[in-house]
**Student:** 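Mind looking over this structure? Questions follow.
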Amino acid sequence: MCFQNELDKRVEKAEKIISGYLPAKAVHQHTVIDAMEYSVLAGGKRLRPVIMQAVWEMFGSKEDIAPFMAAMEMIHTYSLVHDDLPEMDNDELRRGKPTTHVQYGQAMAVLAGDGLLNYAYETMLKAAQKAEDKSAFIRAMSLLAEKAGIYGMVGGQCLDVEAEEKGIELSEEQIRFVYENKTAALLQASLMCGAYLAKDEDAAAVLEKAGYDLGIAFQLQDDILDIESTTQELGKPVGSDERNGKKTYVSFLGIDTAKKEQERLSGEAVELIGSIAVSGAERENAKRFLMELIRSLTGRKK
Ligand code: GRG
């Protein structure tokens, strides 16, 4: 099967899983549940759950990865909903659709983000009760929590927001901190959960490094697209960094060096994954897919 067909199939599978874990309708709080569903089902590449499933296939574990895939996409989506709010980036378009606060109002968008974050943990905890290997399950869950929190995504977003609010020009090291946490942390968790469920700590350490490289490369490409792409192609506004006078890693490196660095980091991530030994055709296939997926993100158009 060619890579694009396999990716399409895997995205479709991830979308079914994610939809299956969305909260049931309810009478009085139906608006927040609708807004949560709207945000999650608005589209998106489903990159993180697809990565999670591929890694899980590489290692094999009796514990199900599906609740983690759904929880990861809920956490990722909450971060986008909150990031789009007027108090943060004030964006009106996301995934080609009106942002959640445009569609449902600001208060409901805050609640939808809160609801998604909380429901992610409800989803994993419900599944944990049925897990055979509870310690492996809890290890994976606490990794996800950490990478999403103040020592991960929220921490990265904190410095990013503060710099913008106070007009502070970040140093290269500080920009790296922002990228490592705001962007790489959830990608690292996506790569590591499957290894933790299979209790392979050594592989998880290699995947954490690969996730760092992938995350920085992914964010560099995001910044490059903000300069070179169009709103139509991206499904979200472009040129926002320049408009907001925001210094990015690309403004430090210059666009040509940034492109080279992005390729170097993606290549390093692929190599690290390639260095992990797996045996059996199915596991080899999952590893090959994961490597191709990361290669395909170099020069991604959205
Ligand atoms: C509000 C706590 C909090 C955090 C917000 C996610 C985020 C942090 C900000 C959004 C803006 C941004 C540039 C984030 C970096 C990560 C990133 C490139 C997210 C977009 O991920 P994609 O491209 O999105 O996978 P889709 O829509 O395809 O799922």
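Both counts, for ligands and for their atoms, begin at 1 and track the order of listing.
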**Student:** Report yes if Lys45 has an N/O atom closer than 3.5 Å to an N/O atom of ligand 1; otherwise report no.
**Tutor:** yes
**Student:** Under 4.0 Å from any heavy atom of His76, which atoms of ligand 1 are there?
**Tutor:** 20 (C), 21 (O), 24 (O), 25 (O), 26 (P), 29 (O)
**Student:** Which atoms of ligand 1 have any heavy atom of Arg95 under 4.0 Å away?
**Tutor:** 26 (P), 27 (O), 29 (O)
**Student:** Give the atoms of ligand 1, by number and element, whose distance to some non-hydrogen atom of Tyr78 is under 4.0 Å.
**Tutor:** 2 (C)
**Student:** Would Arg10 count as a cation-pi partner of Phe289, with NZ or CZ less than 6.0 Å from the six-membered ring centre and within 45° of the ring normal?
**Tutor:** yes
**Student:** Does the distance from a Lys or Arg side-chain N to an Asp or Glu carboxylate O, for Lys130 and Asp64, drop under 4.0 Å?
**Tutor:** no
**Student:** Would you mind listing every side chain to side chain donor-acceptor pair (under 3.5 Å) that reaches into residues 265-278, with sequence neighbours excluded?
**Tutor:** Arg264-Glu268, Ser266-Thr298
**Student:** What residue among His76, Gln53, Glu12, Glu73 forms side-chain hydrogen bond (donor to acceptor under 3.5 Å, both in side chains) with Arg46?
**Tutor:** Glu73
**Student:** What protein heavy atom is closest to atom 13 (C) of ligand 1, reported as residue, atom name and distance in Å?
**Tutor:** Asp222 OD2, 3.3 Å
**Student:** Less than 4.0 Å between a side-chain N and a carboxylate O, is that true for Glu6 and Arg288?
**Tutor:** yes
**Student:** Under 4.0 Å between a side-chain nitrogen and a carboxylate oxygen: does that hold for Arg176 and Glu172?
**Tutor:** no
**Student:** Should one rank Met153, Arg48, Met88 by closest heavy-atom distance to atom 21 (O) of ligand 1, which comes out on top?
**Tutor:** Arg48
**Student:** Who's the nearest protein heavy-atom neighbour of atom 14 (C) of ligand 1, and how far?
**Tutor:** Lys182 CE, 3.8 Å
**Student:** Among protein heavy atoms, which sits nearest to atom 8 (C) of ligand 1, and what does the distance come to when rounded to 0.1 Å?
**Tutor:** Gln157 OE1, 3.4 Å
**Student:** So if I count the atoms of ligand 1 from 1 in the order they appear, which ones are less than 4.0 Å from some heavy atom of His82?
**Tutor:** 1 (C)
**Student:** Please enumerate all residues that pass side-chain contact (heavy atoms from CB on, under 4.5 Å) together with Lys62, with sequence neighbours excluded.
**Tutor:** Glu132
**Student:** In terms of the angle between their ring planes, are Tyr249 and Tyr179 parallel, tilted or perpendicular, with boundaries placed at 30° and 60°?
**Tutor:** perpendicular
**Student:** Go through ligand 1 atom by atom and flag the ones less than 4.0 Å from a non-hydrogen atom of Thr183.
**Tutor:** 15 (C), 16 (C)
**Student:** Whether Glu263 and Arg295 form a salt bridge (side-chain N of Lys/Arg under 4.0 Å from carboxylate O of Asp/Glu) is what I want to check.
**Tutor:** no
**Student:** What residue and atom, counting heavy atoms only, is the protein's closest point to atom 11 (C) of ligand 1, and at what distance?
**Tutor:** Asp83 OD2, 3.3 Å
**Student:** How far is atom 1 (C) of ligand 1 from the closest protein heavy atom, and which atom is that?
**Tutor:** Ser79 O, 3.6 Å
**Student:** Determine whether any heavy atom of Arg46 lies closer than 4.0 Å to an atom of ligand 1.
**Tutor:** no
